[in-house]
Amino acid sequence: MSQDRDLKVTKVDFLKSQNSVQHHTDAYNTSNLVVRRGQPFLVQLTLSRELRASDKLSLHFSIGEKPKEPTGTLMSLNPRSTRNVSGWQISIVKSSGTECTLSVTSAPNAAVGIYGLIVKTGPNVYKPEKNTVYLLFNPWCEGDIVFLSNEAERKEYVLNDTGYIYVGSAFNIHSKPWNFGQFEESILDACMYLLDKSKLKMSSRRDPVVVSRAMSALVNANDDSGVVLGNWSGKYENGTSPMAWIGSVAILQQYYKTKKPVSYGQCWVFSGVLTTVMRCLGIPARSVSNFNSAHDTDENLRVDVYLNEKGEKLKWMSSDSVWNFHVWNDVWMKRKDLPSGFDGWQAIDATPQEQSQGIFQCGPCPVKAVKDGDVYLPYDSKFVYAEVNADKVYWRVKEENGRNKYTKLGVESQSIGANISTKAVGQNRREDITWQYKFPEGSSEERASMKRAVSYLQPSGMTPRSRFAAVPLDVNLRNAGDEDTIQNEVVPKSGVQLEITNEKPLCPGNPIEVVITVKSTVAGSWTVDLASSCQLQSYTGKVHANLGYIKQTVKVEGQSEVRVPLKIMPEAYMKALATVDDEEHVHVTAIAEIQGTPEKLTKEVSLSFEYPPIQVQMPETAQVNKDFTCAFIFKNKLNVPLDNCKLMVEGLGIFKMATFDEGDIQPGRIIKSEVICTPTRVGEKKIVARLTSNQVKDISVEKGIMVTH
């Protein structure tokens, strides 16, 4: 054969627009081909002459630093051979003239990452100019262990780049709009960088269990200079306040550019970024909020709350805590590494709380294992179980003769792990998924699950949960010899109940007006000693200020009620509100002791402030590449000035994130900021705005717009 008739490749076309629609990857903002594993994609070769039956042609896909066939990191695919190459397949679809179209199907368990391609024809090697192909997990492929059969769920949990994270308190749940932005510029590259940084073996990159666990570690900065640096101090001068972020895009872009942790995050930021990373890699994911979340430090399924005589929480007393809410993630996959029955949603958590196998990572833990009480299963199921199932034990601490006397006020066994929430599929509303994590409170299934869990959690011989007196860490039972040092709770007979309500919405600058209602539900006359306190605290339960308390004795007879008001004037709390950068909640605790009986009751609620809205003015529809104006208008309807106001706005596929410094906004003043928008993608898009100030930490708004061709 003479040299001039030798077969050479002159061009490789990855047919990006055709392949990416088939693979649901057309939204990624990248010039490279992005495909999902286990699904065919087409490659078109232009040759120096027509392909003959005798010609040698092969495509070589490789990943990692030292690609080798035996490790499945080098695939030499010959369309005329039937040899199995690590589960990959290739065939000639069409060959006419100098053009040859090939279909390549990667293995449904191929390693996820960036592959290089070279084409060999006999002795000739052709390396395309852009020779990299990004290979992702594939929830559309039945052979992939992240397969999700429902198309609406795939649209939500893989393809939706906006959503909500639920915050606030169990009494007052707020939806915080969050831009996940998994398709934005350099986000995919940031995720690939994290995969490399994880130092996972290529064989481990096949497995979403291992990958999701590694990402739960890398999204926090602890141990490995990961993406987000946590900060719960209330002081965020050297970075961005966790309250101010509008989504994950700016965080991941900054991280990829600097390769240094981004300051600062709290749980919803870690969760939002982890949802972005998982969806970007092709693993179905959702952010999940657990209200009244137990951070139980010693696996005893009990959180002890210590109160003084005024009903104020004594924070220094306990290392356990209850957070108003905590946000983690669920990811969808089969668990081939476990006994059958634990496929589906798995909890993972990137917030650095406790070390697991020596580093700050958590999960994946099967949600089914949490529900059934199978807390011996990996990973970290005991920790997740405690977050949604612990008991809350109230203690009053009173000093007598120079030593502390601990009186057990009562046990709440149903308040922890309430209103577990995520965004509903295909709708802009909250879905309650508590039933996926727990059986109904008090049901026989719940009791059986609890019994199972306790058998794995505690050394034999210990009585399960709250049937025994809890003792603070610094009180040794040896010293607590006197009968009265520790008193157990008693069974209530009086039928007296407590309720705490706020009469008016809580607005910064107005008095906080709360009513404690003492109710009697059975016949008889009762005299009740009531102590109630009001504290300013962050969502993690950290007390920032004691605002006031009342002590009063009331009488209830028969089926009646007495309302006791507790009023806090603005001057008592506004200064405290402005001194921390955290979003504060008003925490009200009440203790009632019924005279002539050993009965004691406790009740606590966490109330959120309400703020004036931001208004968004823009058309309802827009066209691709045609500019329109979007205006953000805010009127300070509060009777206090808002200092150091910043407005952050972002519209995925419409405009990049922008920040406006609005300065101080006096009561009654109106501000207006405008953005010129140029839509780059069609479909329903969202514009999100967030206003922060010294007094008010987070006012959010979002508005949808339909973009057409």
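For this chain, numbers begin at 1 and follow the sequence in order.
- Side-chain atoms of D698 and H174 form no donor-acceptor pair, as typed in the model, at a separation below 3.5 Å.
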Discussion item. side-chain contact (heavy atoms from CB on, under 4.5 Å), that's the test. Do S693 and V696 meet it? Break it down for me.
Written reply: CA-CA 5 Å; S693 71; V696 170; 3.6 Å; yes
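- A donor-acceptor contact under 3.5 angstrom links the side chains of K313 and Q537, judged on distance only.
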Fill in: Verdict with supporting geometry, K398 and N404, side-chain contact (heavy atoms from CB on, under 4.5 Å)
CA-CA 6 Å; K398 193 175 178 182; N404 283 335; over 6 Å; no
Fill in: R690/K697 under side-chain contact (heavy atoms from CB on, under 4.5 Å): CA gap, chis, key distance, verdict
CA-CA 9 Å; R690 188 154 286 153; K697 305 308 183 288; over 6 Å; no
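- Checking S421, S175, S289 one by one against R430, the side chain to side chain donor-acceptor pair (under 3.5 Å) holds for a single residue, S421.
- With a 4.5 Å cut-off on side-chain heavy atoms, R396 and N308 do not count as touching.
- Counting only distance, with no hydrogens or angles, the side chain of Y573 and the backbone of P511 share no donor-acceptor pair below 3.5 Å.
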Practice prompt. Show your working on side-chain contact (heavy atoms from CB on, under 4.5 Å) between V397 and T407 and close with a plain yes or no.
Written response: CA-CA 7 Å; V397 183; T407 308; over 6 Å; no
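- Considering every non-hydrogen atom in both G311 and S533, the closest pair reads O-OG, 2.8 Å.
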Worksheet item: Does the pair Y157 and W345 meet the rule for a ring pair (Phe, Tyr, Trp, His ring centres under 6.0 Å), with working shown?
Response: CA-CA 11 Å; Y157 298 134; W345 290 116; 4.9 Å; yes
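- Taking 4.5 Å as the limit, every side-chain heavy atom of S538 sits out of range of all side-chain heavy atoms of W232.
- In this structure the side chain of L314 never reaches within 4.5 angstrom of the side chain of L307, judged on heavy atoms.
- Using a 4.5 Å cut-off on side-chain heavy atoms (C-beta onward), L530 and I516 make contact.
- In this pair, F609 and Y611 present their aromatic rings parallel. The plane angle is below 30°, not in the 30 to 60° band.
- In this structure, a donor-acceptor pair under 3.5 Å is present between the side chains of N639 and N510.
- For the pair N220 (side chain) and T351 (backbone), a donor-acceptor distance under 3.5 Å is absent.
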Worksheet item: Under the salt bridge (Lys or Arg N to Asp or Glu O under 4.0 Å) criterion, do E399 and K405 qualify, and how do the steps go?
Response: CA-CA 6 Å; E399 200 176 305; K405 177 182 172 186; over 6 Å; no
Item to complete: Mind running ring pair (Phe, Tyr, Trp, His ring centres under 6.0 Å) on F325 and Y539 for me, showing each step along the way?
Response: CA-CA 7 Å; F325 64 90; Y539 85 98; 4.4 Å; yes
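- Inspection of the S169 and S606 side chains reveals no N or O donor paired with an N or O acceptor under 3.5 Å.
- By the 30° and 60° cut-offs, the orientation of the rings of Y406 relative to Y306 is perpendicular.
- When atom types are taken as modelled, the side chain of E312 and the backbone of N546 share no donor-acceptor pair closer than 3.5 angstrom.
- Residues D529 and Q595 bring a donor and an acceptor atom of their side chains to less than 3.5 Å of each other.
- Geometrically, K371 engages F439 in a cation-pi contact defined by less than 6.0 Å to the ring centre and at most 45° from the axis.
- Panel note: side chain D380, backbone V384; no donor-acceptor pair is recorded below 3.5 Å.
- For the 3.5 Å distance criterion, the side chains of H295 and Q353 qualify, holding a donor opposite an acceptor.
- Remark: the D582 side chain and the Q266 side chain contain an N/O donor-acceptor pair separated by less than 3.5 Å.
- Remark: side-chain polar atoms of S381 are paired, donor with acceptor, to backbone N or O of L377 under 3.5 angstrom.
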Practice prompt. Determine, step by step, whether N290 and W328 satisfy the side-chain hydrogen bond (donor to acceptor under 3.5 Å, both in side chains) criterion, reporting the C-alpha distance in whole Å, the side-chain angles of both residues, the deciding distance to 0.1 Å, and the verdict.
Written response: CA-CA 8 Å; N290 176 39; W328 59 75; over 6 Å; no
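- Formation of a donor-acceptor pair under 3.5 Å by the T540 side chain with backbone atoms of W323 is not found in this model.
- To the nearest 0.5 Å, the span separating CD on E604 from OH on Y394 amounts to 3.0 Å.
- Between the side chains of D372 and S449, no donor N or O sits under 3.5 Å from an acceptor N or O.
- There is no side-chain donor-acceptor pair under 3.5 Å between H587 and Q535.
- S241 and D581 share no side-chain donor-acceptor pair at under 3.5 Å.
- Side-chain contact between K382 and Y376 is absent, with no heavy atoms from C-beta onward closer than 4.5 Å.
- A heavy-atom distance below 4.5 Å is found between the side chains of R286 and V288.
- Between the side chains of N502 and E513, no donor-acceptor pair of N or O atoms lies under 3.5 Å.
- For the residue pair Q361 / S356, no side-chain donor-acceptor distance below 3.5 Å is found, with atom types taken as modelled.
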Item to complete: Decide yes or no on side-chain hydrogen bond (donor to acceptor under 3.5 Å, both in side chains) for T422 and E431, but give the supporting numbers first.
Response: CA-CA 5 Å; T422 192; E431 183 187 354; over 6 Å; no
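- At least one side-chain heavy atom of V586 sits less than 4.5 Å from a side-chain heavy atom of L536.
- Side-chain N or O atoms of K438 include one that pairs as donor or acceptor with a backbone N or O of V388 at under 3.5 Å.
- A pairwise comparison of heavy atoms in C362 and S216 identifies N-OG, 3.1 Å as the closest pair.
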Worksheet item: Given the rule in the side-chain hydrogen bond (donor to acceptor under 3.5 Å, both in side chains) test, do Y164 and E702 qualify, once you have shown the distances and angles that lead to the verdict?
Response: CA-CA 10 Å; Y164 304 98; E702 55 153 15; 2.3 Å; yes
